[in-house]
Novice: 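Dumping the structure here so I can ask a few things about it.
We number each residue from 1, following the sequence as shown.
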Amino acid sequence: MSRLLQMALVLSVLVWVAGCGNDRPALPVYSLDGLKRDLGSIAQTGDGGSALEGIKYSIEKLASEKFAGAEELKKQFSRLEKAGNAENRKQIAGEMLKIVEAPKPAA
């Protein structure tokens, strides 16, 4: 084998091995704190993006835990997904944030 071909092979193996590290971030854990963070971000910026997916799963988790405002959050989330512009997303996310942050009565 030519020296150039050997170097190319070694380089490609090194690149492949370097890409196999386990430094990927852990999968997100959906939680009340995560929901507050994502809704707060949308309420400020109006950007939806990938935060919407996290919000969806956080609401589902809260619903399974019998969170008092879960059903209302589901309704509002449907509106949030369909919002046509940043201003509407800001408003809806702000309303949702109020539901999440409202103090719950003692059981």
Novice: Looking only at heavy atoms, what is the nearest atom pair of I99 and E72, with distance?
Specialist: CD1-CG, 3.3 Å
Novice: When you compare the side chain of F67 with that of L73, does any pair of heavy atoms fall below 4.5 Å?
Specialist: yes
Novice: Start with the C-alpha distance between M96 and I59, add both sets of side-chain angles, then the distance that settles side-chain contact (heavy atoms from CB on, under 4.5 Å), and finish with yes or no.
Specialist: CA-CA 11 Å; M96 293 175 73; I59 291 171; 3.7 Å; yes
Novice: Does anything in residues 85-95 form a side chain to side chain donor-acceptor pair (under 3.5 Å)? List the pairs, not counting sequence neighbours.
Specialist: R79-E95, E87-K90, Q91-E95
Novice: So, taking the atom named CG in L39 and the one named NZ in K98, what distance separates them when rounded to the nearest 0.5 Å?
Specialist: 13.0 Å
Novice: Can you name the closest pair of heavy atoms from A43 and G94 and give their distance?
Specialist: CB-N, 3.9 Å
Novice: Does a side-chain heavy-atom distance below 4.5 Å link I55 with I42?
Specialist: yes
Novice: Decide yes or no for F77 and I92: does some side-chain heavy atom of the first lie under 4.5 Å from some side-chain heavy atom of the second?
Specialist: no
Novice: To the nearest 0.5 Å, what is the distance between CD on E65 and NZ on K61?
Specialist: 4.5 Å
Novice: So that I can tick it off, tell me whether K75 and E71 are bridged by a salt bridge, with the cut-off set at under 4.0 angstrom between side-chain N and carboxylate O.
Specialist: no
Novice: Would you find a donor on one side and an acceptor on the other, under 3.5 Å apart, between the side chain of S41 and the backbone of R37?
Specialist: no
Novice: Quick one: pull up OG in S58 and CG in L32 and give me the separation to the nearest 0.5 Å.
Specialist: 8.5 Å
Novice: Determine whether L35 and L62 make a side-chain contact, defined as any pair of heavy atoms from C-beta on separated by less than 4.5 Å.
Specialist: yes
Novice: Would you name the heavy atoms of A63 and A70 that are closest together and state the gap between them?
Specialist: CA-CB, 3.6 Å
